[in-house]
Amino acid sequence: MNMNRIEAQARYYHNFPLRYRNIKAVVHVEDSEDIPFWNHQLQNVLPATYHFLPYSKNDKGNDARGCEQCLRYKPYLTKNFFICIDSDLRQLRGEEGLTADNYIAQTYTYSWENHVCEANHLQERFAQFIHETEFDFRVFLQDLSAVVYKPLLYLVHYSQSTELNQQWNITKFNACLPLQPKREELAEHGKAYTERVTRLFEVALSNLQLPNTIAHECLNETNAYLHIQGHQLYKLLLHIGTMLCHGKDVAFKTEILDKAFHTEGYQEIVHVQSDLKQIISTE
């Protein structure tokens, strides 16, 4: 029986750590920009050398990236060769089989970018540099999270079919989240901006129906902001932080926003660590 190209690559990568003893495992990620996050998480679980694949060959022999390419390997994964993906909306939709049992690690947020935007750690990093400010990222993100909670529930529900998805989708959701608030909207922890976002979502959702019973065990008003599309949230906070640091000789992006990946302190990152421990445990 001929192996397909995906299976052949999987076998090759599974054997990689057996041939090169200094390599603990081969890890397929969605793209090269994902590597620093996943490497940090893995080093915290088990310090070692991991060989990261930011792309591989699809069935036609062309280079392919992204979550779909990673998931093509799903039947062939082992602790020597596993995948690390962004959850996107898959976890909230309850997609089957995306578990550590199947050698799949995921972000438990929309993408890895959401983790650098986690409110408590971000505020800690911000406060180390900017002492005289009335803006608190924890308050801002908590208020924003409460606003996007219901629209996110709609998004999960309306992503279940193509017909529903035309009525409410990620593009329409993002259109309600302007990425460049004005400076005056940042007073009182961004209250005016949050109110503007509230109005935009109210108008956008006004004609949509939602089942009365809808709720989600992984989604609530406190953590909803972690399930906004990651690079959108990142761009929003980058814009706000850059304005707040203006004239203070602090580079918000490099010194604060991108400065740290955390491995504990909130549920989503605890899940990430737990899955990686399960996948690479030596028992």
Side-chain angles (χ1 to χ4, degrees), residues 1-20 23-42 45-46 48-115 155-156 158-162 164-165 169-171 218 227 229-232 268 271-281:
M1 186 183 80
N2 288 335
M3 275 188 290
N4 66 39
R5 196 183 296 268
I6 295 291
E7 187 180 355
Q9 288 177 101
R11 187 169 291 189
Y12 173 76
Y13 292 127
H14 167 75
N15 290 326
F16 211 74
L18 305 175
R19 282 207 304 280
Y20 302 96
I23 289 171
K24 173 68 182 166
V26 176
V27 185
H28 202 319
V29 294
E30 294 188 23
D31 208 336
S32 53
E33 65 182 16
D34 301 36
I35 293 172
F37 171 79
W38 286 111
N39 190 46
H40 186 86
Q41 298 305 317
L42 282 162
V45 172
L46 183 66
T49 301
Y50 299 90
H51 181 74
F52 286 94
L53 297 177
Y55 61 89
S56 56
K57 301 287 185 188
N58 62 17
D59 286 329
K60 294 178 179 170
N62 301 321
D63 289 349
R65 290 173 168 75
C67 192
E68 294 305 327
Q69 177 66 7
C70 290
L71 288 172
R72 287 193 177 105
Y73 291 97
K74 196 173 166 188
Y76 314 113
L77 299 172
T78 67
K79 68 194 229 175
N80 282 5
F81 171 53
F82 57 90
I83 63 174
C84 293
I85 58 172
D86 289 337
S87 294
D88 296 340
L89 292 175
R90 288 181 175 83
Q91 179 218 358
L92 296 181
R93 279 202 305 258
E95 192 167 313
E96 299 277 312
L98 302 183
T99 63
D101 291 337
N102 293 323
Y103 304 101
I104 298 172
Q106 61 175 308
T107 51
Y108 289 93
T109 56
Y110 193 98
S111 66
W112 65 267
E113 288 100 329
N114 298 79
H115 286 289
L155 198 58
V156 174
Y158 276 80
S159 67
Q160 289 171 356
S161 77
T162 313
L164 284 172
N165 197 234
N169 52 50
I170 199 99
T171 306
C218 302
H227 297 277
Q229 201 168 33
H231 60 260
Q232 296 292 109
E268 290 75 13
H271 287 322
V272 170
Q273 285 283 302
S274 170
D275 281 359
L276 291 174
K277 278 178 190 142
Q278 185 179 334
I279 290 170
I280 59 178
S281 63

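Just so it is clear, the structure is predicted and the values come from calculations on it, not from any experiment. Residues: numbered from 1 along the sequence shown.
Across Thr107, Asp86, Ile85, Asn39, a single residue satisfies side-chain contact (heavy atoms from CB on, under 4.5 Å) together with Asp34, and that is Asp86.
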Exercise. Could you walk me through whether Gln9 and Tyr73 pass side-chain hydrogen bond (donor to acceptor under 3.5 Å, both in side chains), step by step?
Key: CA-CA 9 Å; Gln9 288 177 101; Tyr73 291 97; 3.1 Å; yes
Exercise. Kindly determine whether Leu71 and Arg90 satisfy side-chain contact (heavy atoms from CB on, under 4.5 Å), including the steps that lead there.
Key: CA-CA 12 Å; Leu71 288 172; Arg90 288 181 175 83; 3.7 Å; yes
Exercise. Check the pair Glu113 / Glu33 against side-chain contact (heavy atoms from CB on, under 4.5 Å), numbers first and verdict last.
Key: CA-CA 10 Å; Glu113 288 100 329; Glu33 65 182 16; 4.2 Å; yes
Quiz item: Does the pair Leu276 and Cys84 meet the rule for a side-chain contact (heavy atoms from CB on, under 4.5 Å), with working shown?
Solution: CA-CA 9 Å; Leu276 291 174; Cys84 293; 4.2 Å; yes
Practice problem: Please assess Asp101 against Gln278 for the test side-chain hydrogen bond (donor to acceptor under 3.5 Å, both in side chains), listing each intermediate value before the final yes or no. | Solution: CA-CA 8 Å; Asp101 291 337; Gln278 185 179 334; 2.5 Å; yes
Self-check item: Verdict with supporting geometry, Val26 and Tyr20, side-chain contact (heavy atoms from CB on, under 4.5 Å)
Solution: CA-CA 11 Å; Val26 176; Tyr20 302 96; over 6 Å; no
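Of all the heavy atoms in Cys218 and Gln91, the pair that sits closest is SG-NE2, 3.5 Å. Of all the heavy atoms in Pro17 and Lys24, the pair that sits closest is CB-O, 3.9 Å. Pairing each heavy atom of Ile104 with each of Gly97, the nearest pair is CD1-O, 3.7 Å. Residues Cys70 and His28 come closest through the heavy atom pair SG-ND1, 3.5 Å. Minimum heavy-atom separation, Phe37 to His115: CZ-CD2, 3.5 Å. When all heavy atoms of Lys79 and Ala25 are compared, the pair lying nearest together is O-CB, 3.7 Å.
Applying the 6.0 Å contact sphere to CZ of Phe52 captures more than 12 heavy atoms from other residues, nucleotides or ligands.
His14 is linked by a ring pair (Phe, Tyr, Trp, His ring centres under 6.0 Å) to nothing, counting only residues two or more places apart in sequence or in another chain. By the side-chain contact (heavy atoms from CB on, under 4.5 Å) test, Asn114 is found to be paired with Thr109, Tyr110, Ser111, Leu226, Leu233, residues two or more places apart in sequence or in another chain being considered.
Between Gln41 and Gln273 the shortest side-chain heavy-atom distance falls below 4.5 Å. Counting heavy atoms from C-beta on, the side chains of Trp38 and Val27 never come closer than 4.5 Å. With contacts defined as side-chain heavy-atom distances shorter than 4.5 Å, the pair Ile6/Gln69 qualifies. Within the 4.5 Å cutoff, side-chain heavy atoms of Arg19 are placed close to those of Tyr12.
Under a 3.5 Å cut-off, the side chain of Lys277 and the backbone N or O of Val45 do not form any donor-acceptor pair. Although no hydrogens or angles enter the test, the distance criterion places a donor-acceptor pair under 3.5 Å between the side chain of Asn58 and the main chain of Asn62. For Asn15 (side chain) and Arg11 (main-chain N/O), a donor-acceptor pair under 3.5 Å exists by modelled atom type. Side chain of Ser87 to main chain of Gln106: no donor-acceptor pair is present (N/O by atom type, distance under 3.5 Å, no hydrogens or angles).
Here Ile279 contributes atom CD1 and Asn80 contributes atom CG; the two are 12.5 Å apart, rounded to the nearest 0.5 Å. Here the CG-CD1 distance, from Leu89 to Ile170, works out to 5.0 Å after rounding to the nearest 0.5 Å. Considering CD of Glu268 and OH of Tyr108, their distance stands at 10.5 Å, rounded to 0.5 Å. One distance of note links CD1 of Ile280 with CG of Asp275; it measures 11.5 Å at 0.5 Å rounding. Atom CG of Leu98 sits about 7.5 Å away from atom SG of Cys67, to the nearest 0.5 Å. Of the inter-residue distances, the one linking Leu164 atom CG with Leu155 atom CG reads 11.5 Å to the nearest 0.5 angstrom.
Residue pairs meeting the salt bridge (charged side-chain N to carboxylate O under 4.0 Å, His left out) criterion with at least one member in residues 51-64, sequence neighbours excluded, are Lys57-Asp63.
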